[in-house]
Amino acid sequence: MTAQGITRRHYQPEPVGATKLNEVEAAPFRLEPGMVVVGILGFLTVMGVAAGLARLLIGLGGTTALSDSTSWGIWIGFDFALIAFSGAAFTMAAVVHIFHLHQFQPVLRPALLAGFLGYTAVLVLLLLDLGRPDRFYNFLLYWNLHSPLFEICCCVLLYTTVLVLEVAPDFLEKFGWTKVRRFVLWLMAPVTVLGVTLSTLHQSTLGTLYLNMPHRVSALWWTPMLPILFFTSAVMAGLAMAIVAYRTAVRIHQSPEETKVIQGLMVGIGGVTLVYLAVRVGALINNGELFNLDWSAMRTWLATIEIVLGALVPATICLVPAWRRRPTLQWVAPLLILAGVLMNRFNATLASQTAPVAGSAYIPSMMEWMSTIGILAMAALAWYICVRWLVRFDGSHEAH
Amino acid sequence: MTDSIHLGALPENVDMTCPLMSRRTFLKGIAAGAGALAVTAAAGGGAIASTGPVDPNAMAMLVDLTRCTGCNSCALACKSTNERAEPTTIPTKIDANAYSFVDVREVSDVHGAPLKVFVKRQCMNCVDPACVSACTVGALTKEPGGPVVYESSKCIGCRYCQYACPYGVPAYDWDNPLGLIHKCEMCADRQAEGDEPACAEACPNGAIRFGKRSMLLAEAKATIASNTGRYVNHVYGEHEAGGASVLYIGPVPFAALGFPVLGDETITHHGESVMRKTPIVALTMASLAAAMQFMTGRRAKHAHGEFVAAVEQSADVSNRTASGDHS
Ligand code: SF4
Ligand code: SF4
């Protein structure tokens, strides 16, 4: 695969600079940065797989710090954050295939891939977290239409199928299956609508999930508006992830970046984040929390950091034209959004919760960290390999 | 109208004669609209979690905290009837190996004097249980007679029930690689055979009484009224989170004994009202997205027939631009 990638890069018809020409001669003997990336991510993946297997064999008690009072830990935190990040796929699919804003097309492929691999990682993490991974399919057999988690399971499963269809053309193109590809493309219009619908449902239902814990979740986070907050923050995180994926892909391919596209997405992030902030702060005013902040509590600080650094600051960067033109801030804003949403999902799952019967404090175990990092590394590795070698991104027209 | 999603035969335990429920069901159906219903119907029948108001014949337990001496007969009887390990070891908390225990609480009485209160804890077998509403696969169900039972073969171990329960009751078997949830089922099996729950039978002091919920409630109130000063005027479990099948009367306010302070509304009513809107949200979103796709597509002169060409063309254009080939 590596050899092919190198070959392909060298046959690019695009104007190449002097450095690139030098690379051609030196290539066979050089340790590429790409190899280092693959090596590190590959190593983390192997560690993660080992930790995951240990968990499956030994059980949750022996490998995690979970207990009856904190029975969802960092797996769930990363899971729910990753679902929001993977919103990159449905937001970009909507931008390009529903609003027909085709100038954003270059972002679509890296975003769809990131979404697809993100959901794959989510499924693996969920499998590790389930007490009965051997029965994961039971939600297909036994339905509880009242249960948010039931709806989430169904939507995530269906949506992952949709994502397979959405990324399929890119791979079919690579392998030259033109007829199948045309058929899948023909399906794309309804499939996109289905994907957006399924995403709206489960992204918001992740908020509904917490609606069923009014007795546990601090009022700094709990509000009947949670479904709307979770949906809007998934759009924010999705667009932010799309920018990060696009900018990374551009660098992998050493192709020039379209700053107009990035700025366009940033305007979108800014707008949605304002809506999010209005609902979030509105809820805090409505339940009186805002005027009763207890600064001696850790939670108040966590909520403040989450709202100010994770939403207010990036929204401002995105909405001030002079700032959103700065390449550095074009990294800072989306990364702050992602950090803010990650923090929000962790706070909702861990920091905001008070169990009815207190138990020992939850300090995630080594196994939990190793398996989580490993699975995230696996998704990143797969994304890197696809973007670099498998999926056409850089405009080379050699696909047979 | 989630309650009427059953398209086939209604399960025996759904009380359709209750006027409140059928009216609510009916109105919801109208409101949801024919389209939404069609989607829900297409989704097929699922386990229906929520129950209606308290069944007039539902059974319950009344725990009189002033009578409990902390002898632990109940907790041990519970262990043995549920076939838990170490049946003679007195449990100190609810976990996968003990579905009930006697909690020792040192408080002060109304006069400020120290008072030791023994609180027998177990699943409250709620009237409208949050765990049942939350369970992904409907492994937990409410029996009309009172018990909230668990069908272990359905459970996927997601542990959402632990987060929904306001009393922190469902326990997961952490040491088992294929662990399951464990909780008191108010001895549903024994009740089916006409017996009392094991704890009620074992109590030598009459601190745990078993009977019809309506009668026990009346009795609890009469006991409070005729023993001024002995009890606080509160039957815990009558209204808490929609009511429970285990009722408590005691000498000091229940919050002081570690009972959660809960409103009268069910834990899950917010969540359920959102879940009921699922078909409407789905339909609205799908039609909006489809309409938008059609309209903007036309405007961009990419009518549906040319969709494929449009996608490919734009892909080519953007790929060229992305690679810097602007010529
Ligand atoms: S006490 Fe908890 S576990 Fe028991 S029925 Fe109520 S919600 Fe369910
Ligand atoms: S752990 Fe089992 S019983 Fe509890 S909610 Fe999940 S599937 Fe239902």
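Note that the structure is a prediction, hence the values are computed from the model and not measured. Quick note: numbers below take in every heavy atom, side chains included, and nothing from hydrogens, waters or symmetry partners. Proteins come first, then strands; the chains are lettered A, B, ... in the order of their sequence lines, and each starts at number 1.
- Residues A:Val196 and B:Met285 are in side-chain contact: their nearest non-hydrogen atoms beyond the backbone lie under 4.5 Å apart.
- Sorted by first and then second residue, the pairs that involve residues 162-175 of chain B and meet side-chain hydrogen bond (donor to acceptor under 3.5 Å, both in side chains), not counting sequence neighbours, are A:Asp68-B:Gln162, A:Asp68-B:Trp174, A:Ser71-B:Gln162.
- With a threshold of 4.5 angstrom between heavy atoms, A:Thr200 approaches chain B through side-chain atoms but not through N, CA, C or O.
- Annotation: the span from A:Leu130 atom CG to B:Leu178 atom CG amounts to 11.5 Å, rounded to 0.5 Å.
- Contact check for B:His270 versus A:Leu226: no side-chain heavy atoms found under the 4.5 Å cut-off.
- Note on A:Val217, A:Thr197, A:Leu101, A:Asn212: by heavy-atom pairs under 4.5 Å with chain B, the leading option is A:Asn212.
- Panel note: side chain B:Glu272, backbone A:His146; no donor-acceptor pair is recorded below 3.5 Å.
- Ranked by heavy-atom pairs under 4.5 Å with chain A, the first of B:Thr266, B:Ile94, B:Leu180 is B:Leu180.
- Residue B:Ser133 holds its OG atom at 6.5 Å from CG of A:Asn144, rounded to the nearest 0.5 Å.
- Shortest non-hydrogen contact noted between A:Pro356 and B:Pro166 is CB-O, 3.3 Å.
- When each of A:Val357, A:Leu201, A:Val261, A:Thr205 is scored by its heavy-atom pairs under 4.5 Å with chain B, the top score falls to A:Leu201.
- Within the 4.5 Å cutoff, the side chain of A:Leu141 has no heavy atoms near those of the B:Lys154 side chain.
- Neither the backbone nor the side chain of B:Pro260 comes within less than 4.5 Å of any heavy atom in chain A.
- With a 4.5 Å cut-off on non-hydrogen atoms, B:Leu288 does not touch chain A at all.
- The side-chain heavy atoms of B:Val274 and A:Leu211, taken from C-beta on, include a pair separated by under 4.5 Å.
- Taking NZ of B:Lys277 as the reference point, atom OG of A:Ser204 lies at 11.5 Å (rounded to 0.5 Å).
- If you measure heavy-atom distances from B:Ala130 to chain A, you find no contacts under 4.5 Å at all.
- B:Thr296 places none of its side-chain heavy atoms less than 4.5 Å from the side chain of A:Ile98.
- Here the side chains of A:Ile58 and B:Pro177 are not in contact, with every heavy-atom distance at 4.5 Å or above.
- In this structure, the side chains of A:Pro214 and B:Ile267 come closer than 4.5 Å at one or more pairs of heavy atoms.
- A:Asn138 contributes no side-chain N or O that, together with a main-chain N or O of B:Ile156, makes up a donor-acceptor pair within less than 3.5 Å.
- Listed for the A:Trp72 side chain is a donor-acceptor partner under 3.5 Å among the backbone atoms of B:Cys158.
- Only the side chain of A:Pro227 has a heavy atom closer than 4.5 Å to any heavy atom of chain B.
- The backbone N or O of A:Ser147 lies less than 3.5 Å from no partner atom in the side chain of B:Thr136, so there is not a single donor-acceptor pair.
- Listed by chain and residue number, A:Asp134 satisfy the salt bridge (Lys or Arg N to Asp or Glu O under 4.0 Å) test with A:Arg132 (two or more places apart in sequence, or in another chain).
- With a 4.5 angstrom heavy-atom cutoff, A:Leu209 touches chain B via backbone and side-chain atoms both.
- Both the backbone and the side chain of A:Leu66 come within contact range of chain B, each with at least one heavy atom under 4.5 Å from a heavy atom of that chain.
- Among the candidates B:Ala96, B:Ala290, B:Ser153, the residue making the largest number of heavy-atom pairs closer than 4.5 Å to chain A is B:Ser153.
- To the nearest 0.5 angstrom, A:Tyr142 atom OH is 12.0 Å from B:Cys135 atom SG.
- Checking side-chain atoms of B:Arg159 against main-chain N and O of A:Asp129 turns up a donor-acceptor pair under 3.5 Å.
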- Run the side-chain hydrogen bond (donor to acceptor under 3.5 Å, both in side chains) check on A:Thr192 and B:Gln293 step by step: do they pass? CA-CA 9 Å; A:Thr192 308; B:Gln293 187 177 54; 4.7 Å; no
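- Without hydrogens or angle criteria, A:His215 side chain to B:Val261 main chain gives no donor-acceptor distance under 3.5 Å.
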